[in-house]
Amino acid sequence: MSQSLDNKFLELRRNYIASQFGKLNDVQKQAVFYTQGPLLILAGAGSGKTTVLVNRIANLIRFGNAYQTEKAPFGVSQELVDELELLLREKGTPSPELAPLLAERPVWPYHILAITFTNKAAGELKNRLSSMLGEAGQDVHASTFHSACVRILRRDAERLGYPKSFTIYDTDDQQRAMKEVYKSLNVDDKFIPIKAAMSNIGRLKDKMISPKQALAAPADTRAGLIAKIYDAYQKRLLHAGAMDFDDLIYQTVRLLQECEDVREFYQSRYQYVLVDEYQDTSVAQFQLVYLLAGAHRNVCVVGDDDQSIYRFRGATIENILNFEEHFQGAKVIRLEQNYRSTSTILDAANCVIQNNQARKGKTLWTDNGQGDKILYYEADSEMEESAHVATVIGQNLRKGAKLRDHAILYRMNAQSGPIETYFARAGIPYKIVGGQRFYDRKEIKDIIAYMAVVANRQDDLRLRRIINEPARKIGATTVQNAADIASGLGIPMLDVIEHCGEYPALGRAVGALQKFYGIYEQLIKVYETLPLDAFVTELLDITGYRAMLELAGEEGQTRLENIGQLVSSVKTYADQRGPEASLEGFLEEVALISDIDSYDDQADVVVLMTMHAAKGLEFDYVFIVGLEEGIFPSEMSRYSNEDLEEERRLCYVGITRARKELYLSSANSRMMFGQTKRNKHSRFLDEIDPDLLTVEQSPVARQMQMVRQRYQSDARGGYPSNNSGVYLNREYNRVPANSTGVNITIKPRQTGTRLTSGIQAGSAIQAGSVAARPQQQVPSRDGDKNFRVGDLVEHKVFGRGVVQKITPVAGDTIVEIRFEKAGVKKTMANYAPLKKV
DNA sequence: ACTAGCCACTTTTTT
DNA sequence: AGTGGCTAGT
């Protein structure tokens, strides 16, 4: 075959393959077609990295290495070249002769492992793969680090001395186990708080440091003690046949390190390894990737060093900074075009992040257009801030935006409170993502503990949780005795309980214990005969848990309802998995699930969440609230540059969530942990180019400021020095005052914490607030709140509407209103920002 | 074994 | 401020 024909074919083939991925830009295509060897994709926020990942996998499966191959396949003929040419012009399906020549060593989906951090991300990947590739997409192993590890460990945990059916301990179980360790070692938790020990041990595992290593070279007495705790804790978990979250990674790495055959098995199984959110990986996770990809080195990691926000959990940004050293000869591709945000928003993000030192450096750009300026609102209090957020949402709704296009982001969960209160009163539907997980509720954890004991007889910790829940006259002393006997003999507690008559130490408790063992046996029997969800329902009766809650009044009812939800999730699980469903499987799913996974972007509600939880999401309208020194950046981070840089990255993440509009706000005073604090506005605001901002100040904040100004010029005849010493304000009076609306030029020299010193200052504030505060905007004033059916009303958020129905309730009235734009809503007459027209 | 009252805690946390 | 966990008392 002639050289030119071959070359012609190769060229056409490249064109053909490229045409199959037409929507990608050139850099994205590079990332998709670079299939062999280590690759680092530095993907800026909104640069379409998931698309790249999906297309990369699709390319591997459909065409393998064909795009890059220089050598034409055997069997190229003029006819095939002609057919290919035609195919390029007129789309269609390649003939059976041509089809195999289009691919070069295509990859079997089974050989691809794609690792993400969240179930949600893994699910999204799977969905997009199967919609792009059909069945083949479903065979790609896309999962989270943790579930990939569980899968590996379920096969071979015995090699490490753990049962295959090991239990997964969540933070709560971990804490209980740790308490027992403290007791057995006689450690005072005042010296090292349990939480501190837990996080220290977690970090050790993240760094692949074994108890033995930790014991061998302690840095100081504290580290030595932690090593001892670590050692005892680890032994206890091994004895219980349990692993905590950190163990899942740590033990998998151990397994792969220690067992050559296991390692080789997975290396040949996973010939292509892709890792998402690489900036958030720990040393252990790096090791895992390194071990899996060690032989073939077909490893592709995607990440953004500027979005690394989990350093406090053991993520090490060095993984991404040093990737080229870890994998010699690695190619680096930067995705810098952003498809998400306006250039104003992007510029603001760049302004902030460029103040960080530790970064690879990249600058996002977009051709989305400039968009509107960012609105910075300075409120006087957190209530005002919340009111402002609600008002802006109302304006946007009237312009045709949907509730679900709005997200409120904050630094810590506690900040959701005032916003919630205001939203509830104003009748704005909202949903909080994060906070307490459903599966963290006491009653749910109890039932799960019962299920765990049935699944794993060795799980002493779970057993101890439920042995006397509901009360069965098995007190703490009895439990402790049984536990001591068990650990003395090295057997599970249930074995001791089974033969409790043989142990004199258990004395009078024998009757109660035997009764409990009877319950356990019944559970096992029911478990073996009934389907999973029926088993759980039975469990409630056999254990007496239902009876206990039924006697517990109203609260018991709510708890029972929660358990009802659990039962239905068991049923859903059983239906989904069919014959594969197992108790272990369900428990595993529950243990590895998180709240953000259940975030449903279809429901039309405003979402409230932390900036951490918002990573990977995007919204048209984003509010970042509480931009105050001590809140964001948080108090804890203010004195360490590294921590501060992490806060700044978090700010970058927050800003880059916004597609169309970004709203920033701060409150001059805020109730925190029961005390009112006055905070200076966040330094991150000062880092944004003033030209990108429109500054607005609440009337109250302005009045307060004027009072302060007067005080200052009277008392000192000048400006007080900047007592924070941490940073110097840039002045907002450079903001052009030409923008429309109610913009007010702020002189931040006069705002914030400075006034907290001095009694007169305090009284000046009081005087100002009495004069200025018109009782906030939350409750509507008297006079016109006696609504009648048919009244035309105006709601601050939903606009105009007609009253449909009036229902008096204790001290207030529910008013049902049909709004022109927003549909029918129910509001409380006394609280809704509502007036007659 | 149970309960009342006191005290300590409250950054973020994909798993 | 609000909650959850623990101690001391019954």
Output yes when at least one side-chain N/O atom of A/Asn413 is less than 4.0 Å from OP1 or OP2 of B/dT12, else no. yes
What's the CE-P distance between A/Met609 and B/dT11, to the nearest Å? 21 Å
Check every strand shown and say whether A/Lys179 touches a base, only sugar-phosphate, or nothing at a heavy-atom separation below 4.0 Å. sugar-phosphate
Looking at A/Glu588 and A/Arg154, is there a salt bridge between them, counting it only when a charged N and a carboxylate O are closer than 4.0 Å? yes
What is the separation between atom CE on A/Met548 and atom P on B/dA1, rounded to the nearest whole Å? 16 Å
Between A/Lys615 and A/Glu277, is a salt bridge (charged side-chain N to carboxylate O under 4.0 Å, His left out) present by the stated rule, with each step listed? CA-CA 10 Å; A/Lys615 196 168 87 168; A/Glu277 307 281 14; 3.5 Å; yes
Which nucleotide in C/dC6, B/dT12, B/dT14 has an atom nearest any side-chain atom of A/Thr610: B/dT12
Please state how far atom CD in A/Glu277 lies from atom P in B/dT13, giving the value in whole angstrom units. 15 Å
Ignoring the backbone of A/Met671, work out which of C/dG5, B/dT11, C/dA1 is nearest its side chain. C/dA1
Under 4.0 Å between any heavy atoms, over every strand shown, what does A/Ile474 touch: base, sugar-phosphate, or nothing? Just pick one. sugar-phosphate
Tell me whether A/Asn319 contacts the main-chain N or O of A/Ser282 through its side chain, where contact means a donor paired with an acceptor under 3.5 Å. yes
Whole Å only: how far is the CZ atom of A/Phe684 from the C1' atom of B/dT12? 13 Å
Return the value, rounded to whole Å, for the distance between atom CD of A/Gln415 and atom P of C/dA1. 18 Å
Give one of base, sugar-phosphate or nothing for A/Met412, where a contact means two heavy atoms less than 4.0 Å apart. sugar-phosphate
Measure CD/A/Glu635 against C1'/B/dT12 and give the value in whole Å, please. 15 Å
Could you check whether atom OH of A/Tyr290 has more than 12 heavy atoms from other residues, nucleotides or ligands sitting under 6.0 Å from it? no
Select from A/Gly475 and A/Phe117 the residue whose nearest nucleotide in DNA chain B is closer to the 5' end of that strand. A/Gly475
Of the nucleotides C/dA1, B/dT12, B/dA1, which has the atom closest to the A/Glu647 side chain? B/dT12
Reckon A/Tyr310 touches a base, only the sugar-phosphate, or nothing at all at heavy-atom distances under 4.0 Å? base
Regarding the side chain of A/Arg313, the nearest nucleotide among C/dA1, B/dT11, B/dT13 is B/dT13
Nearest to the side chain of A/Asn468, heavy atoms from C-beta on, is which of B/dT12, B/dT14, B/dA1? B/dA1
Atom-to-atom span, CD of A/Glu469 to P of B/dA1 - whole angstrom: 13 Å
Distance check needed: C/dG5 P versus A/Lys442 NZ, whole Å only. 6 Å
What contact category does A/Asp280 fall into here, base, sugar-phosphate, or nothing, at under 4.0 angstrom with non-hydrogen atoms? base
Checking contacts here: which listed nucleotide (B/dT11, C/dC6, B/dC2) is nearest the side-chain heavy atoms of A/Arg411? B/dT11
Closest to side chain of A/His612, choosing from B/dC2, B/dT14, B/dT13: B/dT13
Ring-base stacking, A/Phe312 with B/dT11 (5.5 Å, 30° cut-offs): no
For nucleotides B/dT11 and C/dG4, find the distance between their P atoms and express it as a whole number of Å. 16 Å
Of A/Asp173, A/Asp459, A/Asp172, A/Asp170, which is the lone residue that meets salt bridge (charged side-chain N to carboxylate O under 4.0 Å, His left out) with A/Arg465? A/Asp172
Pair A/Phe117 + A/His146: ring centers closer than 6.0 Å: no
